[in-house]
Amino acid sequence: MKEPRPGKVRKNLKSIAKTRPVDIKVGKRGITRSLLLEIRKPLSKDGIVKISLNSDKQTRIEQAKTLEDELEAELISIVGKTASFAKDR
């Protein structure tokens with residue numbers, strides 16, 4: 001895994017993610033191949049994506065870790081049911 005981003009960069013990404021609308025919502029089927037393809041579009045375009053997760057807290061944490069690995073992106077923050085990821089373009 002890559003080295004984490006410096007604090008100032010991370011803080012800037014968090015502020016961008018906070019005001020950004022949710023890009024993708026994870027449905028009942030969870031993380032599927034087609035969902036990953038849809039998530040990669042805004043991630044490659046903007047370098048950041050905001051995803052609305054569902055289920056209980058433990059499942060959301062597991063989903064966030066899975067997405068981080070599958071997308072090869074850095075988890076910026078999890079606030080409630082929303083997770084934000086960033087990737088160098």
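For the single chain, residues carry numbers from 1 onward in sequence order.
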Is a side-chain donor or acceptor of Thr66 paired with a backbone partner of Glu62 at a separation under 3.5 angstrom? yes

Quick one: CZ on Arg29 to OG on Ser34, what's the gap to the nearest 0.5 Å? 7.0 Å

Could you check if a side-chain atom of Lys25 sits within less than 4.5 angstrom of a side-chain atom of Val22, using non-hydrogen atoms only? yes

To the nearest 0.5 Å, tell me how far Lys87 NZ sits from Asp46 CG. 13.5 Å

Minimum side-chain heavy-atom gap Leu71-Ile39 below 4.5 Å: yes

If you compare all heavy atoms of Ile78 against all heavy atoms of Gly80, which two are closest, and at what distance to 0.1 Å? CG2-O, 3.9 Å

Which heavy atom of Ala86 sits nearest a heavy atom of Ala73, and at what distance? O-CB, 3.4 Å

Side chain to side chain, Ile31 and Glu70, heavy atoms closer than 4.5 Å: no

Is there a donor-acceptor contact under 3.5 Å from the side chain of Asn54 to the main chain of Val26? yes

Which residue pairs pass the salt bridge (Lys or Arg N to Asp or Glu O under 4.0 Å) test when at least one of the two sits in residues 48-60, sequence neighbours left out? none

According to the side-chain hydrogen bond (donor to acceptor under 3.5 Å, both in side chains) rule, which pairs have a member within residues 10-19, sequence neighbours left out? Arg10-Glu74

Looking at Ile24, Leu75, Ile51, which one forms a side chain to side chain contact (heavy atoms under 4.5 Å, CB included) with Leu67? Ile51

For Ile48, the rest of its hydrophobic cluster, which grows through side-chain links under 4.5 angstrom: Val9, Leu13, Ile16, Ile76

Evaluate the side-chain proximity of Val49 to Arg20: yes if any heavy-atom separation is below 4.5 Å, no if none is. no

So how far is it from Leu53 CG to Gln63 CD, rounded to the nearest 0.5 Å? 5.0 Å

